[in-house]
Structure formats: C-alpha cells, structure tokens
Amino acid sequence: MSNLRRIIRSLRIGHRYIAPLVVVQGNNVQRIVRSYYNQNVNKEVTTSAITTEHEEHQYEENVKNRILERALEFVTQTGWSVESLSSGAKTAGYPSITHGLFPNGGGDLVHFFNIRCNEQLVVEMKTWPKEDIKESKVPMKFIESAIMTRLLMIEPYKSTWPKAMAIQTLPNNVPNCLATLLSLVDDICYHSGDRSVDFNWYMRRVGLAGIYKAAELFYLTDSSQESSATRSFVNSRIRDAQLIQTALNTNPVSAAPQTLTAAFVTAKNILGINTLK
Amino acid sequence: MVTQASQTQEKSYEQSEGQTHFGFQTVNEEEKWKKVHEVFDTVAEKYDLMNDVMSLGIHRVWKDIFMQRLAPMHGTKLLDMAGGTGDITFRYIKYLQNLGPAPDGARSSVTVCDINQAMLDVGKTRAKKLGYTESSCGVDIDWLCGDAEKLPIPDESYDAYTIAFGIRNCTRIDKVLEEAYRVLTPGGRFMCLEFSHLPYEPLQWIYDKYSFQVIPVLGQLIAGQWKPYQYLVESIRQFPNQEKFKSMIEEAGFRQVTYENLTFGTCAIHSGFKI
C-alpha cells in the first residue's frame, strides 16, 4: 500500500523520468521509481537544512538558558556549582541529570551570569546622557557609573563571588572569561562615545579592563555604606588613567628621550648595575 | 543498461536490509543474534578477567571517566543497558555514595538490563560479594533480562540510559537508539561507551596488530577460547566511527550530541540529550 502511494507520489514529483521506465518491466520499475523519489526527498531536505539547523540551535540554547536562569536562584545556597545547575534543571522541569548539558559545570553558570549582566548594562547605558569624548578628556562620570552599575549587579551573589572569580581563572574557563570582560569594556567605551580608530582604542579598553578587575577585587571586601569606598576607589583609578593619558599626549617626540632614560635607569636599578650609585 | 543497473542496486539493497555483519562475516540478522548470544554465554565466567588482561586494566579507568561524565545526582533513575556484570552499576552506586547522604525523598534506582541471563547471573553474584544490597547502598537495584531493540519498559521512565561496550553487539543500532530515546524522560541523557577508531594511521596500525595478533592468543591462553575474541576485535572494526555514530544518535532524535575520545580514540564516550 505504501509502495503504491510512493509510486504515485514519485510519478507526480518526477514526471520527467517516466519515459525510460516504460521499457523496464515488473519489479524493477518500482525500484527505480523509488530511487528517483528518494533523490527528490534528499534535495528538499538540503534546501531546508540551513534554516532548521539554525532553529535547532536556537531551541537548544533556549533550553539551556532556561535551566541556567533557574540555576541562578540556587547560587546563594549551593554556590556556582553542579548542584545549583541540577536544582535549576529540576525547577525547569527536567531531571537532575540534565546538568550534563553544561560540561564546564560552575564555569558555564558564571559565564551565563556575566553575559546576562553585560546585556543588562548595555540596555541601561543606552538611556544615559552621552558626554562628548575629547582628545584629553575622559568621560569620567559615565565610566564611573557604568563600572559601579555593573559591580552592583554582583551584589546578590557577593558572598559567593570570590569562588566565581576563582572558577573564572581555571584554564578551561579563561577564554570565556576574557571574552566577556572584553565585550564589557568595549560596550562601556562605545557607549561613552569612544569612536577612536588609532592606538588609543586599545589603550582605553585594556586600561578600563584593568580598572574594572581591580575594582571587582576591591568590592569583594568593601563593607562600607552603599559601597561608597568602591566608588571612590573607581574614581581615583579613573583619575590615574586620565593622568597617564595626559602624560602620553604631551608631545610624544620631545618626551621620548626623557622616557627612555628613565626606563633605562629603572632597568639598571632593578638589575643592580647602576654605576651612578 | 537500465536493467543491469537496477539489478545491482537491488542486490546491495537486500544485503543491507536482511543481513548484517558478525565480525567480518556477513550473516542473517537472526543468526547474528544467536551467535552473539553464544559468544557471551561462553565468555561470561571469564569476562571480567579477560577485560583486565586485554586492556591492561585501562577499561577500569575508562569506566570511571564514563561515570564522572555522567555525574549522577541523588534521585536519578538509571537504565544500565548491556550492563550484565555490573561494572557501570557498581560505579554508579559508589559515585552516589561519595556524594554524601541523599536528601529526603530522593531515592535513586538502577535497572541492570542485559539480553544474556548468564551475564546477569555473574553480575548478581558480584553484587552479593561486594555487599551491594538495596538496604545497604541506598539504591534500588533491579535485574532485567531484555533486548535493547525492544525494551519491555514503558515510555519516559528513566533519567539516564548508559550502554558500555554493548551497542556494538546489537543487530540494529538504529533501533537500539530509538528505544533509548523512547524510554528516557524529557531532559534525559543517553551515554554510550564503546570501542572506536583511532584518528592517526600509525597508532591505528599498532592497535590493529595488537588486536589481531595478541588478543585472540590471550583468549586462547586464559579463557581457552579463540573465536569469541576473534569476533570481539572484528566487531570493533565494523562499528561506525565517532562522527558516523554521532550522526546516528542525532538521527534518533537526540540533541546536543557530543563525543570524547579516550586513549587516542581506542574508546569514545558519546553523549546526547532528549530535550
């Protein structure tokens, strides 16, 4: 029955192949017709494969994100761990064994949290007033509030955050961690109005990444009211950066010999071969 | 011309339909079932000893890694397919014990399923010897004699499905995978530990030499059997390679399918989720 249906369908689809089939009799007709039919099916599959593959991927990502979202609720009790992930899977309606979707365990959870916070920060930053960036001026207020907003997102998980920072330094989590950090500072620079295309582009981002990480460490042990100590720490670090930038911008050609001599003297001091002592 | 072409086509078609391979021989599907059955009836007693000798004890490490990757939690329901002598089951119990005491209401269970009663009997004796009774280890253990291609188990009744060094001996791998998909709950994990292919030619050559020249001899010397071990190494060569097997798992409906090579690819752990 199904064979008959197949023949009819394939005749409809592959009508141009009917002519040579007339010569062949009996059983073989069926075989050839079917093989043409199969060919047609394959063609249809390949054309739609790209879209379905994308959908498949999206579906898998959605399931993962749902589990991770739920897992965050358990972080305060069980930390950035496989336990939290399996509790998350359970509340999302899956068995606890589904935590295997995240082979990096806690690392994947921290990564998810970082990405989510970064996205949230971008949404918030878009609503802030922009300061114009000039050659020597750093948009201090903008950067300060960006860093502080981002840091305060850690607040609910402050007690477990040292563990999370440790997890991020594990070799297999380092690439993800650096990527999220760089996208964070890139977002901050972009939204603060940085449109530079010269070497400053790198300077700003690397400098900001350093400030952010230092502030993060400072924040962990900060018990002051509304984290005011962290705020002033960030403030003075940005001022430092500003000073460095001004120093770098003062006529680099005339400052070069001085800088070089200073560097040499320092190097000699370190090596203990400074003859002027 | 057309007739000739279609005839050869028909021939190859028939071969893939009704016949399968038993080692390097081509046999009927029913015959394979019988032959595999015979093999495991004859080797059951010496199975564990031979595993140790042939793999130089490394199979224990593979199985440990396998359990590490599965990382079960309290309350997991595991189906240990082709788990006759209980190697995976005992590791599962031990892993759960190491997690600490189970929270209230989370009772874990494991069903050891094997097509061969002789292998299950060996497993039961070992469980007794190791002192794994239901009350002592806190895990429910069931022993079930059943065929992986048509499991006597209702839909969506297990969280995890493991099959270690078993799927190779099944006649229809696609059917086994379909059944695995059926009995798993949504979110459930399929994991398979199986001999695989080495991606580097020189290593594969060494491995081939070892397999064909040494293993059957060891079988003859230690277990007094040549043929079952000849079959063993041949069936390893017939099994699809990592990528092919991965796509077969995907075809059965599993998502997020990954594999990991162990010892240069002598073995591979395949994993998939029903999500």
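Labels below follow one simple rule: chain letters A, B, ... track the order of the sequence lines, proteins then strands, and each chain is numbered from 1. Basis for what follows: all heavy atoms, side chains included, without hydrogens, waters or symmetry-related copies.
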B/L70 portion near chain A, given a 4.5 angstrom heavy-atom threshold: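 Contact with chain A involves both backbone and side-chain atoms of B/L70.
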[atom1] of [X] to [atom2] of [Y]: how many Å apart, nearest 0.5 Å?
X: A/I97; Y: B/T76; atom1: CD1; atom2: OG1; value: 4.5 Å
X: B/I275; Y: A/R66; atom1: CD1; atom2: CZ; value: 9.0 Å
X: B/Q256; Y: A/E61; atom1: CD; atom2: CD; value: 7.5 Å

A/H99 side chain vs B/M73 backbone, donor-acceptor pair below 3.5 Å: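 Looks like no, no N/O pair under 3.5 Å.
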Side chains of B/D159 and A/T98 in contact at under 4.5 Å (non-hydrogen atoms):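 They are not in contact (no side-chain heavy atoms under 4.5 Å apart), so the answer is no.
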Side-chain heavy-atom pair A/Y59, B/R255 within 4.5 angstrom cut-off: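 When only atoms from C-beta onward are counted, B/R255 and A/Y59 do touch, with a gap below 4.5 Å.
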Around atom CZ of B/R107, are there more than 12 heavy atoms of other residues, nucleotides or ligands at under 6.0 Å?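 Yes - once you tally the heavy atoms of other residues, nucleotides and ligands closer than 6.0 Å, there are more than 12.
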Between B/G188, B/P186, B/A160, the one whose heavy-atom pairs under 4.5 Å with chain A are most numerous: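 With the most close heavy-atom pairs to chain A, the winner is B/P186.
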Part of A/L101 within contact of chain B (heavy atom distance under 4.5 Å):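 Both backbone and side chain.
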Just jot down the side chain to side chain donor-acceptor pair (under 3.5 Å) partners of B/S55, sequence neighbours excluded, or say none.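 If we apply the side chain to side chain donor-acceptor pair (under 3.5 Å) test to B/S55, skipping adjacent residues, there are no hits.
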Report, by ascending residue number, the residues of residues 146-172 of chain A in heavy-atom contact with chain B at a distance under 4.5 Å; give 'none' if the set is empty.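 Counting heavy atoms that sit under 4.5 Å from chain B, no residue of residues 146-172 of chain A is involved.
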